[in-house]
Amino acid sequence: MTYMCDLGAGHRLYLDNQGMQTLVTVIASSPGQQQQSSNSWETGSWSSAPEVFATGGGVVVKIKASGGDRFLQVQGMQMGTVSSTNVPSQQQAIGLQTVESMPNSPETMKPMEPMKPMEPMKMGNMEMSFSPMEMKMGNMNLKMGSAASSESSSTTPQPRFCSQCGTAIKADDRFCSSCGHRLR
């Protein structure tokens, strides 16, 4: 049998005994958001319904099992076992309700569809494309990627430009004819 208690502020605690294991799930929900944390401990079969007590920082769950009493502490989304000596003596009991089963994990989102290839961007005399990466501006052309490396080995000479002023240069030029920048 599964038990649930409302801890307030959108927090719910679920308890279930499956064989020798005690399963604990805490769900915190607010508009547009839900968090869930689950854990289990070997406590033995329950001999009676669990008890939940409010403490200053959360709740303590008392499990009465064939092997003796066990205590679990829940603070926010954190859970752990505690000894009976760490349980405050002045505790307020919280009522439990029976529910059909433990909550299911929230549905996972479907994977995103792959992006369509981007169309070349054009602005004035400038054009950029991304597959392969290429940029054209006036009579300048810059390529990167696999298509660029295969084209660079072709027999057609690629235009070269001065890195200082952008003037077209020849492959055998040592200096730019426009600004005098040393090319090699």
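Computed from heavy atoms alone, side chains included, the values below leave out hydrogens, waters and symmetry copies. If you read the sequence from its start, that first residue is 1, and numbering goes on from there.
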Exercise for the section: Compare every heavy atom of T25 with every heavy atom of S38, then report the nearest pair and how far apart it is. Expected result: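 Closest approach of S38 to T25, heavy atoms only: OG-OG1, 2.9 Å.
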
Problem - M79 versus V24, closest heavy-atom pair with distance - result: SD-CG1, 3.4 Å

Name all residues meeting the side-chain contact (heavy atoms from CB on, under 4.5 Å) criterion together with [X]; count only those two or more places apart in sequence or in a different chain, and write none if there are none.
| X | value |
| --- | --- |
| N125 | M137 |
| Q18 | D16, L23 |
| T167 | C165, C176, S178 |

Same apolar cluster (I L V M F W Y, side chains within < 4.5 Å links), [X]/[Y]:
| X | Y | value |
| --- | --- | --- |
| V52 | I63 | yes |
| L7 | L72 | yes |
| I94 | V74 | yes |
| L96 | F53 | no |

Practice task
Apply side-chain hydrogen bond (donor to acceptor under 3.5 Å, both in side chains) to Y14 and list each qualifying residue two or more places apart in sequence or on a separate chain.
Solution key: R12

Problem - All side-chain hydrogen bond (donor to acceptor under 3.5 Å, both in side chains) counterparts of T81, not counting sequence neighbours - result: none

Below 3.5 Å, can you tabulate the donor-acceptor pairs from side chains in residues 40-48 to any protein atom, sequence neighbours excluded?
from: S40; atom 1: OG; to: Q21; atom 2: OE1; distance (Å): 3.3
from: T43; atom 1: OG1; to: T22; atom 2: OG1; distance (Å): 2.4
from: S45; atom 1: OG; to: G19; atom 2: O; distance (Å): 3.4
from: W46; atom 1: NE1; to: T22; atom 2: OG1; distance (Å): 2.9
from: S47; atom 1: OG; to: K64; atom 2: O; distance (Å): 3.1

Practice task
Not counting sequence neighbours, list each pair that qualifies as a salt bridge (charged side-chain N to carboxylate O under 4.0 Å, His left out) and has a residue in residues 166-182.
Solution key: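 Checked against salt bridge (charged side-chain N to carboxylate O under 4.0 Å, His left out) - neighbours excluded - no pair reaches residues 166-182.
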
Problem - Residue pairs involving residues 69-78 (criterion salt bridge (charged side-chain N to carboxylate O under 4.0 Å, His left out); sequence neighbours excluded) - result: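 Output for this query lists K62-D69.
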
Handout entry: Full working for side-chain contact (heavy atoms from CB on, under 4.5 Å) between Y3 and T98
Key = CA-CA 5 Å; Y3 295 90; T98 58; 3.6 Å; yes

Practice task
Among E134, M135, K136, find the one that has a side-chain contact (heavy atoms from CB on, under 4.5 Å) with M128.
Solution key: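 Of the listed residues E134, M135, K136, the side-chain contact (heavy atoms from CB on, under 4.5 Å) partner of M128 is M135.
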
Practice task
Begin with the C-alpha distance, continue with both residues' side-chain angles, and end with the deciding distance and a verdict on side-chain contact (heavy atoms from CB on, under 4.5 Å) for V61 and L15.
Solution key: CA-CA 9 Å; V61 179; L15 303 164; 3.8 Å; yes

Could you list the donor-acceptor pairs under 3.5 angstrom formed by side chains in residues 111-122, with sequence neighbours left out?
none

Could you give the distance from [atom1] ([X]) to [atom2] ([Y]), rounded to the nearest 0.5 Å?
| X | Y | atom1 | atom2 | answer |
| --- | --- | --- | --- | --- |
| E127 | N141 | CD | CG | 9.5 Å |
| F130 | M144 | CZ | CE | 10.5 Å |
| M77 | Q36 | CE | CD | 7.5 Å |
| L13 | C5 | CG | SG | 4.5 Å |
| I169 | Q164 | CD1 | CD | 12.0 Å |

Handout entry: Heavy atoms from other residues, nucleotides or ligands near CE of M1 exceed 12 (cutoff 6.0 Å)
Key =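 Count not over threshold, so no.
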
Completion exercise
Residues at least two apart in sequence or cross-chain that pass salt bridge (charged side-chain N to carboxylate O under 4.0 Å, His left out) with D6, listed by chain then number, are none

Handout entry: Beyond-backbone contact of S163 with H181, side-chain heavy atoms, under 4.5 angstrom
Key = yes

